[in-house]
Enquirer: 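Submitted below is the structure of interest, expressed as structure tokens.
Proteins come first, then strands; the chains are lettered A, B, ... in the order of their sequence lines, and each starts at number 1.
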There are 2 protein chains.
Amino acid sequence: MAESSERARVPSIRDVARLAGVSHQTVSRVLNDHPSIRPETKSRVLDAISVLDYRPNRAARALVTSRTTNIGILSATVGEFGPTASIASIEDAARAEGYSVTTVNLPETTPEAIGEAIRQLAREQVSGIVALAPQVRVFNVLRGMAIGVPYVSLQTASGSDGVTHSADQLTGARLVTQHLIALGHTEILHLAGPQDWIEAESRMRGYLDAMRDADLTTFPPIRGDWTADFGYFAGGELARRRDFTAVFAANDLMAIGLMHGFRDAGIDVPRDVSVVGFDDIPVAAHVCPTLTTVHQDFTELGRRAVAILLAEIRGEQVPVFGALDPILRTRESSSSR
Amino acid sequence: MAESSERARVPSIRDVARLAGVSHQTVSRVLNDHPSIRPETKSRVLDAISVLDYRPNRAARALVTSRTTNIGILSATVGEFGPTASIASIEDAARAEGYSVTTVNLPETTPEAIGEAIRQLAREQVSGIVALAPQVRVFNVLRGMAIGVPYVSLQTASGSDGVTHSADQLTGARLVTQHLIALGHTEILHLAGPQDWIEAESRMRGYLDAMRDADLTTFPPIRGDWTADFGYFAGGELARRRDFTAVFAANDLMAIGLMHGFRDAGIDVPRDVSVVGFDDIPVAAHVCPTLTTVHQDFTELGRRAVAILLAEIRGEQVPVFGALDPILRTRESSSSR
DNA sequence: TTGTACGCGTTATCAG
DNA sequence: CTGATAACGCGTACAA
């Protein structure tokens, strides 16, 4: 019944050494490609390795070096589309480089919780951390904590201290706002994200900048919480005041909820009001009306984060990426005045 | 500049021993609550531990026990709503129990890729695996591989071999199909998921069962790929044949795409055709028309998976959970004939 | 270029 | 109940 569940003994470095007729030390050198090793010895060792299907024991290695080939992901997002996509691509990219990924979710963004999460990753002896820390608070705690290992912060304002990377939220927000302006709208509302979120700030600033550049007066942004439910609620509220002809919602989920709220209030999108979103989630192209939004390449973002982090870990030249270009996807939910 | 980046030496078990005036071995016993230890010795050790803020070194522990407090997640899903939600809750539940979580994505579901992923987790010496392996193939490979550590397979047909757990897809599918029947529909189509997916099969069988029970003739299901884009495509195709009055799409994304396709083809939902989905993704309540669907508690599913897995790991009594009740959410996209 | 000795921090085994 | 002592698998320092 359990004939196949017994684990065969895993070959160790000494088994390889014995088979190759060298000392375990020589094998170790081959493993870490030490410069001084005779090619012919090396190939003998490599043969032995592949014959035995030998894999270095990571625990032993971690014990002696007090460092692992793990990277940690610190995620303060509940399961939003963007971060989720990035996490998957981080995992893929890391694995391709021989690193595994340990994820820690942040249940709440108190300094204590953040500290605890970082301590946990430290105990795991991760050799680097990718933080998906969209909230200002988290980012600050992170920066202040002096973790002891390199880290990259994703989805935060770019340029803050050289270890962050993100798509260019500000440009994206300008783009989509300018799109509305070009359509002839002058009274444009912004349904923003939560106060504490860095991206929410960037998108709001993009909106404000675009409006100012066009000499349009701005309305005080409405603070949302990223959810479609809030968008719906806001739609109902906004239906009472009709002093606008377009709304830029800080993400697609809110935009979709908003359109629903408008619909229930008898406001037709885009005839009465144009709506645009941000993120280009998979349903954006299929809701009714289809949603004009800003596309971001979250996958590429994750890949870059890993590239940056691994360079730091290995002490190599850290690659410098330009901001990721956001792309405007024009669809039915916005139309000219 | 780097005054805080130097890492203080971490206290080891011997430091604790010295401070407590015992041997490091005794400390180890306290740590693993060995039965035979004098209470007064124990408390002295515990004091020392808290004074030094000592934490056991996981690498050292893993080295000697060849086992870790990590659990692995094997994910063969691209980023769908359900699995993603489950993964997050698995992570939370595991962390609450002192376990960390390492995730491996499966880029493709070939036996080789699956084997490679499992080998990687084995190298990490995870003490258990939660597989989100919705594809039949993956599940079979998994079962055949004799991993050597306990594993739980999520989102698969329940009851197959005692190590799987899932919401009751079949019941959910019956529920929603019966809902359509109760509304007076008799010509009901099913837009199914990919052939290889276990959940797709369950949902399809639920549909077939409900139809049979009502003595209605079924149509051959259409095979989709879970995406909204496919749903849209299918909508366009189906618009040509009008031999049905309702469609049960195997997930919300396809349902939403389908409604879009119908819309573009001039078919009104729900006046001309009723559409229902499955999953209750966050936008389901806000698309137009709002989508009747089946709600599943993915979070609870994740929690249960961890409970089962940890019980197996610890050799405790494995809890037996009843199937998770799916809940019908009736909304505007379905209406009576 | 290669080998030997030692230590990393912990648990297991066997005395006492 | 407690303490030596020996592993665990690997990397580093030093010797050859």
Side-chain angles (χ1 to χ4, degrees), chain A residues 7-49 52-70 98 122-125 127 313-314, chain B residues 7-46 48-49 52-70 98 122-125 127 148 313-314:
Chain A
R7 255 196 296 200
R9 201 178 77 78
V10 177
S12 90
I13 197 170
R14 289 167 209 277
D15 299 318
V16 176
R18 199 171 311 125
L19 183 59
V22 297
S23 77
H24 79 275
Q25 186 45 239
T26 303
V27 178
S28 171
R29 290 205 180 88
V30 171
L31 253 31
N32 304 297
D33 14 56
H34 190 91
S36 52
I37 230 176
R38 187 145 38 104
E40 109 95 32
T41 310
K42 179 170 184 174
S43 75
R44 230 174 43 239
V45 170
L46 288 177
D47 283 352
I49 287 178
L52 297 178
D53 190 30
Y54 162 80
R55 315 284 179 106
N57 180 312
R58 301 175 100 131
R61 194 173 262 181
L63 176 59
V64 69
T65 60
S66 65
R67 190 139 290 200
T68 62
T69 51
N70 279 56
R123 271 202 302 159
E124 302 280 335
Q125 302 183 125
S127 40
I313 289 174
R314 295 165 173 160
Chain B
R7 257 194 296 199
R9 199 178 80 79
V10 178
S12 90
I13 198 170
R14 289 168 208 279
D15 299 319
V16 177
R18 199 172 310 124
L19 184 59
V22 297
S23 77
H24 76 275
Q25 186 46 240
T26 302
V27 178
S28 171
R29 289 204 180 88
V30 172
L31 254 33
N32 304 296
D33 14 56
H34 191 91
S36 50
I37 235 178
R38 189 146 36 104
E40 109 94 33
T41 311
K42 179 169 183 173
S43 76
R44 230 177 39 241
V45 170
L46 288 176
I49 287 177
L52 296 178
D53 190 31
Y54 162 80
R55 317 282 180 105
N57 180 312
R58 299 170 97 122
R61 192 172 262 182
L63 175 60
V64 68
T65 61
S66 63
R67 190 138 293 198
T68 61
T69 51
N70 280 59
R123 270 203 301 160
E124 302 280 336
Q125 302 182 128
S127 40
I313 290 174
R314 295 164 173 162

Enquirer: Does B/Thr41 put a side-chain nitrogen or oxygen below 4.0 Å from OP1 or OP2 of D/dT2?
Expert: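 B/Thr41 to D/dT2 OP1/OP2: side-chain N or O found under 4.0 Å.
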Enquirer: For B/Arg123 and D/dG9, what is the distance between atoms CZ and P respectively, to the nearest whole Å?
Expert: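 Taking CZ of B/Arg123 and P of D/dG9, I get 16 Å after rounding.
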Enquirer: Is there a side-chain polar atom (N or O) of A/Ser28 under 4.0 Å from OP1 or OP2 of D/dC10?
Expert: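 False: A/Ser28 side-chain N/O out of range (4.0 Å or more) of D/dC10 OP1/OP2.
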Enquirer: Can you find a pair of side-chain heavy atoms, one from B/Asn70 and one from A/Glu124, that are under 4.5 Å apart?
Expert: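 Yes, at least one pair of side-chain atoms sits under 4.5 Å.
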Enquirer: Rounded off to whole Å, could you give me the CZ-to-P distance for the B/Arg18 and C/dG9 pair?
Expert: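 My rounded result for the distance is 11 Å.
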Enquirer: Nearest heavy atom decides the nucleotide; on that basis, is B/Lys42 or B/Leu63 closer to the 5' end of DNA chain D?
Expert: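 Checking each residue's closest nucleotide, the 5'-ward one belongs to B/Lys42.
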Enquirer: Rounded off to whole Å, could you give me the CG-to-C1' distance for the A/Asp15 and D/dC8 pair?
Expert: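 Distance, rounded to whole Å: 13 Å.
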Enquirer: Could you tell me if the side chain of A/Val10 sits less than 4.5 Å from the side chain of B/Gln125, heavy atoms only?
Expert: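 No. Closest side-chain heavy atoms not under 4.5 Å.
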Enquirer: Which of the following nucleotides, D/dG9, C/dG3, C/dT10, is nearest to the side chain of A/Asn57?
Expert: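 Nearest nucleotide to the side chain: D/dG9.
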Enquirer: Can you check the B/Arg44 CZ to D/dC1 P distance for me, whole Å?
Expert: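 Going from B/Arg44 (CZ) to D/dC1 (P), I get 15 Å.
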Enquirer: Give every pair of a protein N or O atom and an N or O atom of nucleotides 4-6 of chain D that lie under 3.5 Å apart, one pair per line with the distance.
Expert:
residue, atom, partner, partner atom, Å
D/dA4, N6, B/Gln25, NE2, 3.4

Enquirer: For DNA chain D, which residues in residues 30-38 of chain A have a heavy atom at a distance below 4.0 Å?
Expert: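 Heavy-atom cutoff 4.0 Å gives A/Asn32.
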Enquirer: What nucleotide, of C/dT10, D/dG3, D/dC10, holds the atom closest to the side chain of B/Ser12?
Expert: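 Out of C/dT10, D/dG3, D/dC10, the nucleotide with an atom closest to B/Ser12's side chain is C/dT10.
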Enquirer: Of all heavy-atom pairs between B/Leu63 and A/Ala60, which one has the smallest distance, and what is that distance?
Expert: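 For B/Leu63 and A/Ala60, the tightest heavy-atom pair comes out as CD1-CB, 3.5 Å.
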Enquirer: With sequence neighbours left out, what residues match A/Thr69 under side-chain hydrogen bond (donor to acceptor under 3.5 Å, both in side chains)?
Expert: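 Only A/Arg58 meet the side-chain hydrogen bond (donor to acceptor under 3.5 Å, both in side chains) criterion with A/Thr69.
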Enquirer: Could you grab the distance from atom CD1 of B/Ile49 to atom CD1 of B/Ile13, nearest 0.5 Å is fine?
Expert: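 Nearest 0.5 Å value for the CD1-CD1 distance: 8.0 Å.
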Enquirer: Rounded to whole Å, how long is the line connecting atom CZ of B/Arg55 with atom P of C/dT10?
Expert: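 In whole Å, C/dT10 P lies 13 Å from B/Arg55 CZ.
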Enquirer: Between A/Arg44 and A/Asp47, is the closest basic N to carboxylate O distance under 4.0 Å?
Expert: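 Not counted as a salt bridge, because no side-chain N and carboxylate O are separated by less than 4.0 Å.
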Enquirer: Are A/Asp15 and A/Leu19 packed together at the side-chain level, in the sense that at least one heavy-atom pair is separated by less than 4.5 angstrom?
Expert: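 No; the side chains remain at least 4.5 Å from each other.
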Enquirer: Do you know the tightest heavy-atom contact between A/Arg67 and A/Ser127?
Expert: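 It is CG-CB, 3.8 Å.
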Enquirer: Provide, to the nearest angstrom, the distance between the CZ atom belonging to B/Arg58 and the C1' atom belonging to C/dT11.
Expert: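 Going from CZ in B/Arg58 over to C1' in C/dT11 covers 16 Å.
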Enquirer: Looking only at side-chain atoms of B/Val64, point me to the closest of D/dG11, D/dG3, C/dT10.
Expert: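 Per side-chain heavy atoms of B/Val64, the pick is C/dT10.
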Enquirer: Let me spell it out: for each of A/Ile13 and B/Thr26, pick the nucleotide of DNA chain D with the closest heavy atom. Which residue's pick is nearer the 5' end?
Expert: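 In this pair, the answer is B/Thr26.
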Enquirer: Has B/Asn32 got a side-chain atom pairing as donor or acceptor with B/His34's backbone, closer than 3.5 angstrom?
Expert: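 A pair under 3.5 Å: no.
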Enquirer: Measure the distance from CZ on B/Arg67 to C1' on D/dG9 and round it to the nearest whole Å.
Expert: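 The distance from CZ of B/Arg67 to C1' of D/dG9 comes to 17 Å, rounded to the nearest Å.
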